[in-house]
Amino acid sequence: MANRRDFIKSSAILAASGMAGASFLSSCGTGSAEATPTSKSFLGLQTYSLGDELNADVPGGLAKIKEMGYTDLELAGYGNGKIGDVECADYKKMAEDAGLKITSSHLSPSIWLYRPDKFDQFDEFWKKAVEDHVTLGVKYMVQPSMPNITSRDDAKNVGEVFNRAGKFAKDAGISWGYHNHSGEFKRIASKEEQEAADKAQREMLDQYAAMMGGGGDPEEQAALKASLAAMMSGMGSSVGETIEELLIQNTDPSLVMFQLDVYWAVMGQQDPCEWLEKYPDRYKLLHIKDRWIIGDSGMMNFEKIFNKAYSIGITEFFVELEGDSKGRRQFEGVAESAKYLINAPFVM
Ligand code: MG
């Protein structure tokens, strides 16, 4: 009798403390009660990844996105008060019905408006956009397209215009950000830096030609120099500051944050982790992107990227896929990418 009473008592304690069942079984090594994870605390998707496949049936597509395990959306396609063909209020309702949160949105005004004589229209664009994004309920508005920047003065002017846009968003409680591609990692040298670099290159070519060009034939030396110069021309300038750096330096941290597209950073010959390390207070969001399906190419060190991002307080990221060169459906790539991240132990 005593044994039976003790058994009932200990079962009750186990149940009350939540130890009965799954965790008890899995600690015994059966593993069968440990469910495969179906999502993460945050798993964002940039809807651009789906393009027309989503536009064809927004409510149906959003339901599929939710089913894959995504929790949050970053929209694309804002214009004329709509997302694609859908009114902002309707889009919000559709996302809510699907159980998804609209956290961010990509949008850009015409590059044409980046000049003082067009600022009236520029301001009008952002005022209306902010109003519509309040309706959508976003935390972030992000510009993904780069105005023309070929000099340091250009970068300074663009930085000021970004601040101007950021102010409209901030007044409505929304963070305004800028998203890179690879062009932002092009370097812009000051006149002095360029002159010094050109001089160093001329000296190096002279030394090379003298070393290689036996007999000192001027024609042969010229050909050798031309050949080395051609080999080096694809390497891009190694002097000066990158446009990304100049934009960070020329924007007000209280008005402008940055979203790092980690794939485009790599395509710009950068280590995304170095940028996160250098500017932990400026990068607030990530684009998680690969050649197509996340984790497939092997050229992106996502474990290192996620660890670094979490260490500086970034918890929000959006998966992004562009078109597939093999012609597979975008929904397939987006679903495979979710699977990869859900199964990745380094994603929270
Ligand atoms: Mg991107």
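Ligands are counted one by one from 1 in listed order, and the atoms in each one are counted from 1 as well. Note that the coordinates shown come from a computational prediction; the quantities given were computed from them, not determined experimentally.
- The Mg ion (ligand 1) has His179 NE2, Asp261 OD2, His287 ND1, Glu320 OE1 as protein N, O or S atoms under 2.8 Å away.
- Contact record, Gly295 with Asp290: N-OD2, 2.9 Å, taken as the closest heavy-atom pair.
- Checked against salt bridge (Lys or Arg N to Asp or Glu O under 4.0 Å), Glu53 has the following partners two or more places apart in sequence or in another chain: Arg329.
- Counting heavy atoms from C-beta on, the side chains of Trp112 and Lys118 come closer than 4.5 Å.
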Exercise for review: Begin with the C-alpha distance, continue with both residues' side-chain angles, and end with the deciding distance and a verdict on salt bridge (Lys or Arg N to Asp or Glu O under 4.0 Å) for Arg202 and Asp198.
Suggested key: CA-CA 6 Å; Arg202 274 196 307 274; Asp198 290 347; 5.4 Å; no
Review point. How far apart are the C-alpha atoms of Glu160 and Lys156, what are their side-chain angles, what is the distance that settles it, and do they pass the salt bridge (Lys or Arg N to Asp or Glu O under 4.0 Å) test?
Key: CA-CA 6 Å; Glu160 276 164 22; Lys156 195 161 179 288; 3.7 Å; yes
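- For the pairing with Glu320, the side-chain hydrogen bond (donor to acceptor under 3.5 Å, both in side chains) check across His287, Lys289, His106 returns one residue only, His287.
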